[in-house]
Amino acid sequence: MDLLNLREQGSNQTIRQTHLFSAHVKWMYELPTAEDSPILIRHARVAATRAVAVAMASPAGPVHLNYPLREPLLPPRDVDTKRVPLSFYTGVLHPAPRAIERVLGQIALAGRILIVSGPQPTTDALAVEKLAVKLGAVILADPLSGHRTSGNPEVPVLAHADVWLRADDASRDEIKPDVILRFGRAVTSKTVGQALLSWQEKPQILVDENMLWSDPQEGATDVIQANPASFCEALNSAIGDTAEVRDARLAYADQLIRLDRACQERMRERMEQLEPFFEGQIFPELARLLPDDTNLYIGNSMPIRDMDSFFPITATRLRVFANRGASGIDGVVSSAIGAAAYLREKTVLVIGDLSFFHDQNGLLAASLYHIPLVIVLVQNDGGGIFSMLSQATQQDVFPYFETPHGRDFQHTAALYGAHYTRARDWDDFRLALRDGLTRNDLTLIQIDTDRAENARLHHKVLAPPEREREEGSL
């Protein structure tokens, strides 16, 4: 309830709702107080249609309608519910012709082209893949880009750059690209971001439809406002490379792919030596076990970073989601349930214990409406990300970053009627996951790990080969 005449009067449940979301929405509009009048009813319908049109228009984004209601908050009974004869058609933001000419000039003789692809819609990802094949370029794929799980073996994709780019600056110089094409939002990996910064003297072409300039390193040399799919189609049509340049690009792509595959094999061999549980191994397991068309929802903090490091290229078609926002832990359970409810496909959520604890009441919706969801819960009693950072070396301040809770989530599963398994080893995990994917209700699979030990194992598994020799084997 938000009536104009009750604002600033100390009225209960009445607040200032105008511009409540400020710069976070594309459009905010306040409607007149709801009345059973033909003029106001038509106005409400048009405003609702306009809100949908603005939200869907390029670039897509949220809108805020404020609709004051009178008590008892019931709708009028005799309203004509026929739809307003109003249609709208959203447009596509095409690249400027001179932008395409500029890019063609930059890539014409470039024998090393690297495409860096961040989180983006599926239509954009498919267009980027077609461009990569046409150029003979390789894609450095963020875990939320869609490329690792597109199921297309013809596309050259790098999955573990977050790991092998941690080598020294000299190694980065050896693989320095001539031109970098960047699509999607900012990448998850700080290591990739640092590499982009170290290559800032090279042309970095950022294609960004909404002009948010997803460039936290400020390394872009060209920013092109255009729909990414439209840009890729326009560039594809204009490319006319020589065989010599294309051969050089394919050789560069092959060099990086071999580096990526060697890194994957090295990590696989190291992880095979570990006793359960190493948290990073969850993602190679999921890559092997999940069937086609599964929705994979990833929590923030360590899960998304572990996916970036450890999830390989897979022939399985998966849809990968995350509620990144400001990288917070709030609302992840509810967001995953919303995705599962909308898509009505098997959905697996990988989430840490703090994030799960923060939004566990979101499970009520899954329980009430029988929404199939498998939750893989990484329980290390407090979240492990700060154990990976420099705070862990400062024992006088580290306790302020730790957040142990001592809760047993078996009771949470019982409260919401979830099928519960505490996996003792990877065989337990595999059986529980396969069983959960056959169910039409809620499943909770808990994996217990130790934060300090998990941090040590991360450093071991992710160490470059030369550091592994210095420190000894696992």
Side-chain angles (χ1 to χ4, degrees), residues 1-94 121-124 209-212 225 227 229-230 295 321 323 325-326 330-345 347 359 361-371:
M1 181 172 64
D2 181 31
L3 298 179
L4 294 176
N5 62 300
L6 294 181
R7 292 181 193 166
E8 313 297 337
Q9 303 294 327
S11 176
N12 187 35
Q13 294 187 333
T14 300
I15 65 171
R16 299 178 187 172
Q17 294 184 0
T18 55
H19 300 287
L20 188 65
F21 301 104
S22 188
H24 300 292
V25 296
K26 292 178 64 179
W27 180 56
M28 184 270 159
Y29 183 69
E30 180 162 51
L31 289 100
T33 301
E35 298 286 354
D36 189 0
S37 120
I39 292 177
L40 291 183
I41 289 172
R42 179 174 181 81
H43 179 66
R45 286 171 170 163
V46 172
T49 305
R50 181 181 174 188
V52 174
V54 173
M56 294 178 63
S58 177
V63 298
H64 171 203
L65 288 182
N66 194 48
Y67 202 2
L69 302 174
R70 296 190 188 279
E71 290 183 333
L73 310 182
L74 293 175
R77 292 297 180 186
D78 300 320
V79 175
D80 180 7
T81 58
K82 288 187 293 186
R83 298 177 64 182
V84 177
L86 176 62
S87 300
F88 64 89
Y89 305 91
T90 58
V92 174
L93 189 60
H94 296 288
T122 301
T123 52
D124 293 348
E209 185 175 23
N210 57 23
M211 290 304 285
L212 285 177
Q225 185 183 19
N227 174 271
S230 178
N295 306 312
F321 302 93
N323 184 5
D330 49 316
V332 175
V333 172
S334 297
S335 296
I337 291 171
Y342 176 76
L343 295 167
R344 304 309 302 181
E345 300 282 355
T347 302
D359 192 31
N361 285 339
L363 296 175
L364 182 61
S367 178
L368 289 177
Y369 298 104
H370 306 287
I371 298 171

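Atom set for the values below is all heavy atoms of this structure, side chains included, hydrogens, waters and symmetry mates excluded.
Considering CD of Gln225 and OG of Ser58, their distance stands at 7.5 Å, rounded to 0.5 Å. Rounding to the nearest 0.5 Å gives a distance of 6.0 Å between NE2 of His64 and CD of Gln17. Taken to the nearest 0.5 Å, the CG atom of Leu40 stands 9.0 Å off from the OG1 atom of Thr33.
Counting non-hydrogen atoms of other residues, nucleotides and ligands closer than 6.0 Å to CG of Leu368 gives a total above 12. The number of heavy atoms from other shown groups lying within 6.0 Å of OH (Tyr342) does not exceed 12.
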- Evaluate the side-chain contact (heavy atoms from CB on, under 4.5 Å) criterion for residues Tyr29 and Val54: first the C-alpha distance (whole Å), next the side-chain angles of each, then the deciding distance (0.1 Å), finally the verdict. CA-CA 11 Å; Tyr29 183 69; Val54 173; over 6 Å; no
- Item | Audit row: Ser334, Asp359, side chain to side chain donor-acceptor pair (under 3.5 Å) steps and yes/no | CA-CA 7 Å; Ser334 297; Asp359 192 31; 3.0 Å; yes
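Val52 has its side chain within reach of Phe88: a pair of non-hydrogen atoms, C-beta onward, lies under 4.5 Å apart. Side-chain contact between Ile371 and Arg344 is present, with at least one heavy-atom pair separated by less than 4.5 Å.
Here the closest non-hydrogen pair linking Leu65 and Ala48 is CD1-CA, 4.3 Å. Listed here is the closest heavy atom pair of His94 and Ser230: ND1-OG, 2.6 Å. Across all non-hydrogen atoms, the minimal contact from Ala366 to Ile337 is CB-CD1, 3.8 Å. Nearest approach of His43 to Pro32, heavy atoms of both residues: CD2-CD, 3.6 Å. Heavy-atom minimum distance, Tyr67 versus Ala44: OH-CB, 3.6 Å. In plain terms, the two heavy atoms of Leu31 and Pro68 that are nearest each other are O-CD, 3.2 Å.
Side-chain N or O atoms of Ser335 include one that pairs as donor or acceptor with a backbone N or O of Gly331 at under 3.5 Å.
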